[in-house]
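Written below as structure tokens is the structure these notes are about.
Quick note on labels: first sequence line is chain A, next is B, and so on, each numbered from 1.
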Amino acid sequence: MMLGTARRFGVSHALRATAPRSISARLATQLPKWQAPSTLSSLAATRSLHSSFPRLSAATAEATVEETEPSKSAMITEFSDLAAENLIHNKIIKNIIQPDRMNLKTMTEVQSLTLNEIVKGDDILAQAKTGTGKTLAFLVPTLQNILNDPSVDVSKVGRRSARTGPSEIRALIISPTRELAEQIAVEAKKVAFGTGLIVQTAVGGTQKRAGLAKIQQEGCHLLIGTPGRLKDILSDPWTGVSAPKLNTLILDEADRLLDQGFAPDVEEIQSLLPDPTKLDRQTLMFSATVPREVMQMVRQTLKPDFKHVNTVREDEVPTHHRVPQKLVYTRGLENSLPALLELAQNWQARRDNGEDLRPFKAIAYFNSTAETKISADAFNNMARNSQFRQSSMGNMRMLEINSRLTQALRTRSADNFRKAREGILFSSDVTARGMDFPDVTHVVQIGVPRDRETYIHRLGRTARAGKEGEGWLFMHRAEQDVYRKRLGRLPLTLDTALETADADLSQTFSNDTSVGKIVNQVTEGLAQCDGATKVKSYMGQLGTTTGNFDSKREAIQALNQMFTVGYNMQTPPELSPRLMQQLGLNRIDGVSMGDGTRQRRDGGFSRGGSRGGFSRGGDRGDRGGFSRGSDRSGFSRGGERGERSGFSRGGERGERSGFSRGGDRGGFSRGGDRGSFTRGGDRGDRGDRPSRPRRAFDESFGNDSFRF
DNA sequence: AAAAAAT
């Protein structure tokens, strides 16, 4: 059926011959609000329910053609037809469709809708949902265009002295992350296999000299890289790598590359390329999201008559309809990891019960690198436990990835997760965009993400290529306002099934209950993490929580509670007056403020010689790390006042926070024993929590103080 | 102090 349709429409030369008319004119003058007709998206959605990759059907093709191509151009939907029309090189087609190679048959919407335009040489902004083949959409026609260039010599295929050099770059692809650049390159090499086209990468974190040597030796037609390294090698005349013949510039994840952080680099790279008024240059932009704010940048960067190919209706969300998105309120920040473990265990238990579910393979996203680390550490600690190993969780890989790891470790984690059958990847936003890990069943976002686009792209790591997947967002109640503002219109539904999400973790739990088992495992895993990691995690979350929470006061209380109850630490790190001011915390209760005499040392925090580590009260001989009762107001200023209160003076919220001693809930034993704090006094088993090994920070930090 | 990205 599809094939017949494709043939009916598949007239490539007609496509090439027809000039784009009204649509480009329209786009040039007004905000490009062109979009695929409604039938398209609804139909795609329906089809995807049947777990097929949303392809172009006959009906949609027709509708789309009319809408997008007033010139009645045709639409091709089968890769094999591209060969018949002699539009795309036979070798490329073979690489795509052969079962022992990429094994693809039918093109996706973006691929169909952009191919002819790209071959024609038009500038394009293409928007399509995550996991619908955007990479291939720009690779195939771009590689073809290079082959079409008579000045490109690929005649010496397979021989050592191919007549290409480091200045033969015809197309450049910029990616916002190193792993994505590498992934695109892998795909590009598959497509280009046997054509003689040379694909190279240039990303940071790798040996520059080795990379350069490779390009110098083998030459390069298509270069793929990240902004910093591309800038570096293209601006340095000594490298010999240059692009005087460049015809095509591709911005993958274009909205990201055009935003604040990247735009200057991208502009600088453009300035290193041949003057577009002298050598015609095609620019292609691809992304699942293009927020309004960047449209101006898009328009500035593309030619005035660029095409906006949008397969996502403007009133539609660029997520997949088939992906259930669940929202979970957590009682405190410390509940996230137990809830994550519970989610994984529940899933595995259902599998054990014979339900037809794929193995649990999840990405857990955090808003700070330090939090990814402590979470990965904690889960790795748990996974070492024999009870855990023998459970249905036993075969899970626990992996970590973020930009603070060495590139070697990053690459290893990504590779391992790709290969993993089941496991959890604890990730920062390095992997949020474009990464294609096969068979991810769950995306769990912990904390409201920094913006809507981030949410959408993270979610897009699951349910790719027609597969199923679930999205989860764990969020503190006090993030509601920012949630509504950023994600309010997305289709999340409240889920209250995870028991540990709402458990009061200041209690003691018995291993006889399922909740207790989970909580105690996490507690123990965290207890084995070192103190510095905990402090960094606290500090790392300061920025996002104070920004995300309904009030700064709530943010601090939640963080302090996470630190004491979740991490089993005594007193939260002191903050310098300067930092407090920057965070707007000056008049917030519950903050430990240092006296500002810190000396900077590695990583932005300083160790003040004599000041107690984390200013624990006990060893200083004063009243213990916590203020109790409502007598104390204000906060401590380091030690010079001799008092340590730190936080939570009574107050209506006090009792929730796990410290703030009323005595009724157990809370906190201060006193000289520094450390042991016993929660759950009301249950009568104080101090007997199953797993409370001596905290690592006692050893590693001694009496030193950390102020920030 | 909060992703990422050159050394």
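At B/dA3, none of the side-chain N or O atoms of A/Thr454 fall inside 4.0 Å of OP1 or OP2 (strictly under the cut-off). The phosphate of B/dA4 has neither OP1 nor OP2 within less than 4.0 Å of any side-chain N or O from A/Arg450. Taking side-chain N and O atoms only, A/Arg433 has no distance below 4.0 Å to OP1 or OP2 of B/dA4.
Rounded to a whole Å, the CG atom of A/Leu258 is 17 Å from the P atom of B/dA5. Rounded to whole Å, the distance from NZ on A/Lys208 to P on B/dA6 is 12 Å. In this entry the distance linking CD1 of A/Ile174 with C1' of B/dA4 reads 15 Å, nearest Å. Taking atom CH2 on A/Trp238 and atom P on B/dA6, their separation rounds to 24 Å, with Å as the unit. Rounding to whole angstrom units, CG of residue A/Asp259 and P of B/dA5 are separated by 13 Å. A/Gln407 places its CD atom 11 Å from the P atom of B/dA4, with the value rounded to the nearest Å.
Among the protein residues, A/Gly204 comes within range of the sugar-phosphate backbone only, with heavy atoms under 4.0 Å from sugar or phosphate atoms but none that close to a base. Using a 4.0 Å heavy-atom distance criterion, A/Arg458 is classed as making no nucleic acid contact. Using a 4.0 Å heavy-atom distance criterion, A/Asn402 is classed as a sugar-phosphate-only contact. A/Lys231 comes within contact range of at least one nucleobase, with a heavy-atom separation under 4.0 Å. Nucleic acid contact for A/Gln582: base, since at least one base atom lies under 4.0 Å from a heavy atom of the residue. At the heavy-atom level, A/Thr545 lies nowhere under 4.0 Å from the strands shown. As judged by a 4.0 angstrom heavy-atom cut-off over every strand, A/Gly547 is placed among residues making no nucleic acid contact. In this structure, A/Asp232 reaches the bases: a heavy-atom distance under 4.0 Å links it to at least one base atom across the strands shown.
Closest to the side chain of A/Ser368, out of B/dA5, B/dA3, B/dA4, is B/dA3. Distances were taken from every side-chain heavy atom of A/Leu579 (C-beta onward) to each of B/dA1, B/dA4, B/dA2; the shortest belongs to B/dA1. Picking from B/dA1, B/dA3, B/dA6 the nucleotide with the shortest atom distance to the side chain of A/Thr226 gives B/dA6.
Between the side chains of A/Asn560 and A/Tyr538, at least one donor N or O lies within less than 3.5 Å of an accepting N or O.
The aromatic rings of A/Phe426 and A/Phe366 sit parallel, their planes meeting at an angle under 30°, below the 60° perpendicular limit.
Looking at A/Asn367, its side chain does come within 3.5 Å of a backbone N or O of A/Val448 through a donor-acceptor pair. Checked by atom type and distance alone, the side chain of A/Arg229 pairs as donor or acceptor with a backbone atom of A/Thr206 at under 3.5 Å. Between the A/His476 side chain and the A/Ala478 main chain, a donor and an acceptor come within less than 3.5 Å of each other.
Between A/Lys361 and A/Asp439 there is no salt bridge, since no side-chain N of the basic residue sits under 4.0 Å from a carboxylate O of the acidic one.
One can find a donor-acceptor pair under 3.5 Å joining the base of B/dA3 and the side-chain atoms of A/Arg256.
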